[in-house]
Number of protein chains: 2
Amino acid sequence: MMIRSLVEEIENYLKELLAQSPHGWIEVQRKDLAEKFACVPSQITYVLNTRFNLKCGYFVESRRGGRGYIRIWKIDSCFRGLFPEDAIPGDYLGLLHTLVQKGFLTEREAFLLNLVFRVIESKVHGEFGSFLNRQIFREVLTSLGFLRNLEEGTTGSQARLPDRKG
Amino acid sequence: MMIRSLVEEIENYLKELLAQSPHGWIEVQRKDLAEKFACVPSQITYVLNTRFNLKCGYFVESRRGGRGYIRIWKIDSCFRGLFPEDAIPGDYLGLLHTLVQKGFLTEREAFLLNLVFRVIESKVHGEFGSFLNRQIFREVLTSLGFLRNLEEGTTGSQARLPDRKG
DNA sequence: TATAATAAAAGTCAAGGAAAGTCAAAAGGT
DNA sequence: ACCTTTTGACTTTCCTTGACTTTTATTATA
């Protein structure tokens, strides 16, 4: 993997640790990291703020003082299990049409999602493919509540792309 | 080859680089190019805007600040199914941001796509997961180029969902 | 034992520098 | 004349650094 900057180097290192962690979270020390990467400790804070914030799908817990620590959690999917397994049948096109009709999605949004479903259909055969599509559709549905409140340009909604910079 | 202007000279140079790249993308620095061709940096921006836009079949991603870069992709999605592992570097968040910033996607659209990438990332581990995401991203890019062409042509046509069958 | 001092973390914030972006004016070409 | 290219002053974004602050645990002291 090509490393572009110190920030990314540290980011990759932490994500690697996370990927290898069986718990879904890791614990590190800012001081140690700073030492390992030969940088100022606040650099670590910067990485945490810009790459591991809630919007990016991570949650950071920390403690100062002696025995201080930084714990990083990967938020897998906050909405897991909201829907019964086969609540959503395979005909996404129809569902997308309905959502457009009801004003939950724009034509373009539905177009893009349909594109996604088709790619997965064509590349992931069998049961797993439809499982994936179901998962995605589920996530879309659960975020529709947020989406609905997001008129173009409004601020403060959760239905936004996470910032690259925190 | 007959060179008519600096723009074309730079254009040719970049296309040559692209042709020789095994990945279908290259990474350069505006500052370096400007130096190499003895021109002001904004000349490079001009070349990028006029010769390497989506309509021309290219996609440009960039980052300002320290260790900034410019990455140029040739979109030739058709039938180029298999890519080396690192064909599309890392996180799609940056790419989605770029597309939003350039006005190709709305915040909502990017949000939805990011959702998709995250679901796939979490459900399809390893090589195949990133392969899938790459496929989807390429499809999105090509259809965006397609969309733009449509918008310039007739009818204020947007991306349309195929009609429901039956 | 209760409190005060000390040390060892992590947090904050702003300055500084290194990129790329913007925009409009000037220059060239047809 | 019009459209494309070239230029440069100014802006924005992002990374890095360091001085200073706050929080927590440990140790010393009354």
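Chain letters run A, B, ... following the sequence lines, proteins first, then strands; residues in each count from 1. Everything numeric in this text was worked out from a predicted model, so none of it was measured.
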Electrostatic pair B:E27-A:R4, nearest N-O below 4.0 angstrom = yes
Quick check on [N]: is either OP1 or OP2 less than 4.0 Å from any side-chain nitrogen or oxygen of [X]?
X	N	result
B:R4	D:dT5	no
B:R63	D:dC15	yes
B:S62	C:dG21	yes

query = Between B:Y13 and B:F37, does the ring centroid distance fall short of 6.0 Å?
reply = yes
For atom [atom1] of [X] and atom [atom2] of [N], their distance in whole Å:
X	N	atom1	atom2	result
B:L48	C:dG21	CG	P	7 Å
B:Q43	C:dA20	CD	P	15 Å
B:D32	C:dA18	CG	P	14 Å
A:F37	D:dT17	CZ	C1'	18 Å
B:R71	C:dA19	CZ	P	17 Å
A:E8	D:dC15	CD	P	8 Å
B:L33	C:dG21	CG	C1'	15 Å
B:Y46	C:dA27	OH	P	17 Å

inquiry  = Using 0.5 Å steps for rounding, measure from the CD1 atom of B:I70 to the OG1 atom of B:T45.
reply    = 6.0 Å
ask   = Which residue, A:K31 or B:N49, contacts DNA chain C at a nucleotide closer to its 5' end, judged by nearest heavy atom?
value = A:K31
Proximity to the side chain of [X] - top-ranked nucleotide from [options]:
X	options	answer
A:V7	C:dT22, D:dT17, D:dC15	D:dC15
B:I70	C:dG21, D:dG18, D:dC15	C:dG21
B:C39	D:dT7, D:dT16, D:dT4	D:dT7
A:Q29	C:dC13, C:dA9, D:dT6	C:dA9
B:R64	C:dG11, C:dA20, D:dC15	C:dA20
B:S42	D:dG8, D:dC14, C:dG21	D:dG8
B:S5	D:dC14, D:dT6, D:dT17	D:dT6

query = Using the ring of each side chain (for Trp, its six-membered ring), is B:F117 parallel, tilted or perpendicular to B:F137, with breaks at 30° and 60°?
reply = tilted
task = Identify whether any heavy atom of A:I44 sits under 4.0 Å from a base atom; if not, whether one sits that close to sugar-phosphate; answer base, sugar-phosphate or nothing.
result = nothing
ask   = Checking all strands, does A:R30 fall into the base, sugar-phosphate, or nothing category for heavy-atom contacts under 4.0 angstrom?
value = base
Base C:dG21 to side chain B:T45, donor-acceptor N/O within 3.5 Å cut-off = no
request  = Give a yes or no on whether A:R71 atom CZ has more than 12 heavy-atom contacts from other residues, nucleotides or ligands under 6.0 Å away.
outcome  = yes
inquiry  = Does B:N133 form a side-chain contact (heavy atoms from CB on, under 4.5 Å) with B:F128? I'd like the steps, not just the answer.
reply    = CA-CA 9 Å; B:N133 277 340; B:F128 189 58; over 6 Å; no
task = Return the 5'-most residue of the pair B:V40, B:R67 with respect to DNA chain D, ranking by each residue's nearest nucleotide.
result = B:V40
